[in-house]
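Quick notes on the structure that follows.
Throughout, protein chains are lettered first and strands after them, A, B, ... in sequence-line order, and every chain is numbered starting at 1. The analysis underlying the following values was restricted to heavy atoms, covering all of them including side chains, and did not include hydrogens, waters or symmetry mates.
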Amino acid sequence: MRERLEAVLHEKVTDLLREAGDDAALPTITVEASRQKDHGDFACNAAMVLSGRLRRPPREIAAELIDRLGDAAGLVARAEIAGPGFVNVWLAGGQWHDVLDRILAAGEAYGTSDDGKGRKLQVEFVSANPTGPLSVGHGRQAILGDCVARLLLATGWDVVREYYFNNGGRQMRVLGDSVRARYLEQLGRAAVPPEDALLDSELPWPDAIDGLPVLFPRDGYQGGYIGEIAAALREREGEGWIDEPGDGGFRQEAEKRIFAEIRRTLESLGIHFDVYASENEFYAAGKIEAVLGDLRATGLVYDEGGATWLRASDLGLDRDRVIVKSSGEPTYLLPDIAYHREKFARGFECIIDVQGADHKDQGPYVKAGIQALGHDPARVEFLFHEFVTLSSDGHTVKQSTRKATYITIDELLADVGADVFRYFMIERRAQSHLDFDLDLAKEKDWTKNPAYYLQYTHARTYGIERQAVERGVTMPASADIDASRLELPEELELVKKLGEFPEMVSRAAESREPHHIAYYLREVAGLFNPYYQDKDRHEILTTDAGLTNARLGLTFAVRRVMAQGLALLGMSAPERM
RNA sequence: GCCCCGGUAGCUCAGCUGGAUAGAGCGGCUGCCUUCUAAGCAGCAAGUCGCAGGUUCGAGUCCUGCCCGGGGCGCCA
């Protein structure tokens, strides 16, 4: 609807310019939904933008534009000049009735589009290394990435959700050593330093305690899950793994078991990945070596101090980076470049990497690497999200990875459920700090919880239907719904809002900002609930069958949009609550 | 010191490519509703949009500088 008006206005503006002898390109004029009712349905700023070029006062141009606009073939009811030169347009009532018809006819396709034209796109997210349970921060990334993927799927992209983890480096060796130390501790063959030494890196680290060797690594993983994995291995292997190296079975078992837990957590959030890629696979396939060779061939690599460097400073960055340490072991950067080259080889036209704020500095170097290899770095997008803090009773809940005293997603899900968790995680835009209000999320008095407000609005449409059936009303087929029976301003306003949904989805997808959907749904709910509530002014189920059908049609359209929107957020849309 | 992200109502935050009188939820206060089963509605109080300049018809939005908060600046990942 907006687009049609915009097209007409563009045409009129073009005429206006040409007749004034101005053949230059059209300036960017906007047609947007008015914020206030007395400003009409849409407002256009063309007159003010043209004022400079035409050297005429904006209100005069606006008047001429309105004159030329006429009724725009039935589209426009009236238009007037306002403020400094806005053209405010009221659409003909029938236009809104068409919108309702289109929503109902579109069904589950409403809001979807072909913007992506089936092009291949990858969203890589979470990508936590399997060293422990997912934190709440990972949860934010999981929901953000998943919702972005849902938006892009809805707008016609061929989307692959992918999880990449580094399992080739030092981190995983420390993990294996940690499990081994706990295993031997449980068998009475090794000691672990007291807790205060574990928590304070300044305190001395003994080699032995009471004649038992201290095998626990200084920077080892301290969470209780390490002991649980060790216990499980002790049960399975008995003392058979006493001589097993930390980097062997212990590391493999820990990775396997922790990853299984991570996947289970993600499934409980409703998130499924299409591909799990690991750093080790690239080593095994020789792709790390291959990339190194190709990078060398570009001349953007040099050796210094026994290490191999990427000359990122030649690619516009502030400094060079080591890609192979003097020990001969690659840094994370090299496999990451190899991984991204693989993404290009797999034919993705758009590559989105969702990452936490602590990775903000890394992206440019990966881009530099793939640029050096001859790929277009503009196809790689980094989507960063800021950190999550938990608060309760107005105070921040302390989280410490080192002390392993952080709240995990599993714990939070047990309290609030996946739907509420998802809503709270997606409500804010990614680059804003997210304060997760535990009290509000756990709130048993559901009236206060915004996540339920959206779901209930959806459920309410079914409540209305149930009530109607009980009263013997037959649900109208689309042919029986005469939208022109909707005449009340609040009805037309609601239809207008529902009509914005497709554009809202496109924009949210394009900007990779799912939070817009959450806010939009609140607006829809905020219009429908008062409408439903105001039974003094009108009821949905009336004695006038035609009117009842029209209002049921409006109710179905609300249901449609709420259902589509909740699905984009990955939330369930219950029929009753 | 350099880079990135924030700073909008008491709190947590929206504000769409610059648009008209800056919004929502929670909290506070007032009234209504007790349902087309229900978590609802109306209204009030609450703001120097961090500060100072600049760009222009117009700036919360763009530019510059500064202040405050968070993150980063490894031969860690």
Side chain of [X]: nearest nucleotide among [options]?
| X | options | value |
| --- | --- | --- |
| A:Lys325 | B:C57, B:C75, B:C5 | B:C75 |
| A:Gln533 | B:C76, B:C75, B:C41 | B:C41 |
| A:Glu279 | B:A77, B:G6, B:A42 | B:A77 |
| A:Ser326 | B:U17, B:C57, B:C75 | B:C75 |

Once you round it to whole Å, what is the distance between [atom2] of [N] and [atom1] of [X]?
| X | N | atom1 | atom2 | value |
| --- | --- | --- | --- | --- |
| A:Met504 | B:G15 | CE | P | 10 Å |
| A:Arg59 | B:G58 | CZ | P | 17 Å |
| A:Asp353 | B:C4 | CG | P | 20 Å |
| A:Asp435 | B:A14 | CG | P | 12 Å |
| A:Ile323 | B:C76 | CD1 | P | 14 Å |
| A:Leu317 | B:C2 | CG | P | 18 Å |
| A:Met425 | B:U12 | CE | P | 17 Å |

Can you check the distance between [N] and [M], where both ends of the measurement are the [atom1] atom (answer in whole Å)?
| N | M | atom1 | result |
| --- | --- | --- | --- |
| B:U61 | B:G74 | C1' | 38 Å |
| B:G50 | B:A9 | C1' | 15 Å |
| B:C41 | B:C33 | P | 16 Å |
| B:G19 | B:G58 | P | 15 Å |
| B:C32 | B:U17 | C1' | 43 Å |
| B:G70 | B:C13 | P | 14 Å |
| B:A52 | B:G15 | C1' | 24 Å |
| B:C36 | B:A45 | P | 33 Å |

Using the six-membered base ring of B:A14, report whether A:Tyr519 stacks on it, requiring centroids under 5.5 Å and planes under 30° apart. no

According to the 5.5 Å centroid and 30° plane-angle thresholds, does A:Tyr332 stack upon the nucleobase of B:C76?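 Base of B:C76: not stacked against A:Tyr332.
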
Will you find, in the side chains of A:Arg485 and A:Asn549, an N or O donor that is under 3.5 Å from an N or O acceptor?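 No, no side-chain donor-acceptor contact under 3.5 Å.
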
Taking the cut-offs as 6.0 angstrom to the six-membered ring centre and 45 degrees off its axis, would you call A:Arg522 and A:Tyr519 a cation-pi pair?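 Ring-cation test returns yes.
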
Can the positive tip of A:Arg559 be found less than 6.0 Å from the middle of the six-membered ring of A:Tyr462, inside 45° of the ring normal?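 That pair qualifies as a cation-pi contact.
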
Strictly by Watson-Crick or wobble contacts shorter than 3.5 Å, is anything paired with [N], and which nucleotide is it?
| N | answer |
| --- | --- |
| B:U21 | none |
| B:A59 | none |
| B:C66 | B:G50 |
| B:C44 | B:G28 |
| B:C73 | B:G1 |

Got [X] and [Y] here, is their nearest side-chain heavy-atom distance under 4.5 Å?
| X | Y | result |
| --- | --- | --- |
| A:Glu60 | A:Ser51 | no |
| A:Glu490 | A:Pro530 | no |
| A:Tyr452 | A:Asp419 | no |

Which part of the nucleic acid, if any, lies within contact of [X], taking any heavy atom under 4.0 Å across all strands shown: a base, the sugar-phosphate backbone alone, or nothing?
| X | value |
| --- | --- |
| A:Pro58 | nothing |
| A:Ala43 | base |
| A:Gly526 | nothing |
| A:Arg471 | sugar-phosphate |

Counting just side-chain N and O atoms, does [X] come under 4.0 Å of either OP1 or OP2 of [N]?
| X | N | answer |
| --- | --- | --- |
| A:Tyr532 | B:A38 | yes |
| A:Arg522 | B:G25 | no |
| A:His515 | B:G15 | yes |
| A:Arg460 | B:U35 | no |

A:Arg512 side chain vs A:Val148 backbone, donor-acceptor pair below 3.5 Å: no

Nearest nucleotide by nearest heavy atom, which residue falls closer to the 5' end of RNA chain B, A:Arg429 or A:Gly169?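 Mapping each residue to its closest nucleotide by heavy atoms, the 5'-most match is A:Arg429.
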
By nearest nucleotide on RNA chain B, pick out whichever of A:Asn166 and A:Ala525 is the more 5' one. A:Ala525

Between the side-chain atoms of A:Arg428 and the base atoms of B:C13, is any donor-acceptor pair under 3.5 Å?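 Donor-acceptor pair under 3.5 Å: no.
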
I'd like to know if A:Ser432 reaches the base of B:C13 with its side chain, counting only an N/O donor and acceptor under 3.5 Å.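 A donor-acceptor contact between them is absent.
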
Is any side-chain N of the basic residue among [X] and [Y] closer than 4.0 Å to the acidic one's carboxylate O?
| X | Y | value |
| --- | --- | --- |
| A:Glu255 | A:Arg251 | yes |
| A:Lys343 | A:Glu162 | no |
| A:Glu575 | A:Arg466 | no |

Write out a two-atom table: protein N or O, nucleotide N or O from nucleotides 67-73 of chain B, distance below 3.5 Å.
from	atom 1	to	atom 2	distance (Å)
B:G70	N2	A:Lys360	NZ	3.3
B:G71	O2'	A:Ala357	O	3.3
B:G72	O2'	A:Asp361	OD2	2.7
B:C73	O4'	A:Asp361	OD2	3.4

Of A:Lys496, A:Arg4, A:Arg2, the one forming a salt bridge (Lys or Arg N to Asp or Glu O under 4.0 Å) with A:Asp41 is A:Lys496

